[in-house]
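Sharing a structure, written as structure tokens. Questions coming.
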There are 2 protein chains.
Amino acid sequence: METIKKQASPKISFSTCTTREVLKLIGDQWTALVIYALESGTKRFSQLCSQIDGISRKMLTQTLRDLEYNGLVQRVVYPVIPPHVEYSLTPLGRTLIEPIGVLRQWAQEHLNEVEQARTEQEQTQRISVQEQVASIVQQR
Amino acid sequence: METIKKQASPKISFSTCTTREVLKLIGDQWTALVIYALESGTKRFSQLCSQIDGISRKMLTQTLRDLEYNGLVQRVVYPVIPPHVEYSLTPLGRTLIEPIGVLRQWAQEHLNEVEQARTEQEQTQRISVQEQVASIVQQR
DNA sequence: CGGAATCCTTTTGGATACTG
DNA sequence: CAGTATCCAAAAGGATTCCG
């Protein structure tokens, strides 16, 4: 075994890494789905709630609040009884459609490979470090 | 206010939505960062641990296990004392570099706008539904 | 209708100690 | 060195109730 060639490791400061930030924005369970649901246009709260399978009103509210706070979604309250509230993507929010689309695209192309890898992994046994070390100790 | 034109809502089955799946894969706090760190080549456990700022050994282990299980990362144990373990992206894992790059790209272009929206939002007061309803009730 | 508030369970993740 | 195991605190998230 050759020692790894120390390619002057990038020393990337992960604390300021933008990847981290964008994942904080859309990396949770629901946010990307809400954006996805809003791609096709303005929706009401209840529409979103029924269209995004499995989301609770609480989580939908919370997710929409975050999106609004980050300037990705616009919320309009119509002062009528019963209340009528509409949500839509802001121009900034719409710029996220493409990146999320790329993710979905990747998923459509490669998710089956992931699935396949999983089932293969379940057959083969993992080698723990301890086992490896133990085996060479035994060989002496 | 016009009622929203019911554009025959897509009825997208979010339960089978691939966006959901891919976010389960890389949507957590650390996974995308580990992939990012492995883009530049094979790394040892301790290298990753020091390069990814703030990650604990526990989370790194867990994240790597998941990546391995999903066929995105390969783990090689060299039977020596002290143990030597190397991690690298599989071909499947490398296909994720581009989508994650698109996200990072988006972040670099738009994160300042998000930041700006946030500070603006902090100035203006949110209108709750209750307040709206209360105000029209009062007007009568 | 679109929430807010409360309670409560589950999950997540850090700190620490131990191990071959 | 590269983990595993255990404990514990914090956070996430569901269910339910209440509200204008």
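Every heavy atom of this structure was used, including side-chain atoms; hydrogens, water molecules and symmetry mates were not. Throughout, protein chains are lettered first and strands after them, A, B, ... in sequence-line order, and every chain is numbered starting at 1.
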For A:Gln105, side-chain contact (heavy atoms from CB on, under 4.5 Å) partners two or more places apart
A:Gln108, A:Glu109
Contacts satisfying side chain to side chain donor-acceptor pair (under 3.5 Å) that involve residues 90-102 of chain A (not counting sequence neighbours) are A:Thr95-B:Trp106
Does B:Arg126 reach a base, just sugar-phosphate, or nothing at all? Heavy atoms under 4.0 Å.
nothing
CG of A:Leu64 versus P of C:dA4: gap in Å, rounded?
11 Å
Can you list every salt bridge (charged side-chain N to carboxylate O under 4.0 Å, His left out) pair that touches residues 71-80 of chain A, not counting sequence neighbours?
none
OP1, OP2 of C:dC1 versus side-chain N and O of A:Ser46: anything below 4.0 Å?
no
So what does B:Pro82 touch, heavy atoms closer than 4.0 Å: a base, only the sugar-phosphate, or nothing?
sugar-phosphate
When you list every nucleotide of DNA chain D with an atom under 4.0 Å from a heavy atom of chain B, which one comes first 5' to 3', and which comes last?
D:dC1 to D:dG20
Atom CZ of A:Arg57 and atom P of C:dA5 are separated, to the nearest Å, by 14 Å
Is the ring pair A:His84/A:Tyr78 parallel, tilted or perpendicular, if the boundaries are 30 and 60 degrees?
perpendicular
Test of understanding: with side-chain hydrogen bond (donor to acceptor under 3.5 Å, both in side chains), list the residues that count as partners of B:Gln125, not counting sequence neighbours.
none
DNA chain C: 5'-proximal contact among A:Val129 and A:Thr61 (nearest heavy atom):
A:Thr61
Below 4.5 Å, heavy atoms only, C-beta onward: do A:Thr42 and A:Val76 meet side chain to side chain?
no
Mind grabbing the angle between the end helix axes of the helix from C:dC1-D:dG20 to C:dG20-D:dC1? Five pairs an end, 10° rounding.
40°
With the sugar-phosphate defined as primed atoms, P, OP1 and OP2, and the base as all remaining atoms, what B/S/- string results for nucleotides 8-15 of chain C, 5' to 3', for protein heavy atoms under 4.0 Å?
-----BBB
Starting at atom CZ of A:Phe45, determine the distance to atom P of C:dG3, rounded to an integer number of angstrom.
5 Å
Going by the rule side-chain contact (heavy atoms from CB on, under 4.5 Å), which residues pair with B:Ser46 if we only count those two or more places apart in sequence or in a different chain?
B:Arg44
For residues 110-119 of chain B, pull every pair meeting side chain to side chain donor-acceptor pair (under 3.5 Å), keeping only residues two or more places apart or in separate chains.
A:Asn70-B:Arg118, B:His110-B:Glu113, B:Glu115-B:Arg118, B:Gln116-B:Glu120
Whole angstroms only, please: what is the CD1-C1' distance between A:Ile127 and C:dG20?
16 Å
Mind jotting down which residue pairs meet the salt bridge (charged side-chain N to carboxylate O under 4.0 Å, His left out) criterion with at least one end in residues 57-69 of chain B? Sequence neighbours excluded, please.
A:Arg126-B:Glu68
Nonpolar side-chain network containing B:Ile127, other nodes, edges under 4.5 Å:
none
Residues which pass side-chain hydrogen bond (donor to acceptor under 3.5 Å, both in side chains) with B:Gln74, listed by chain and number, not counting sequence neighbours
none
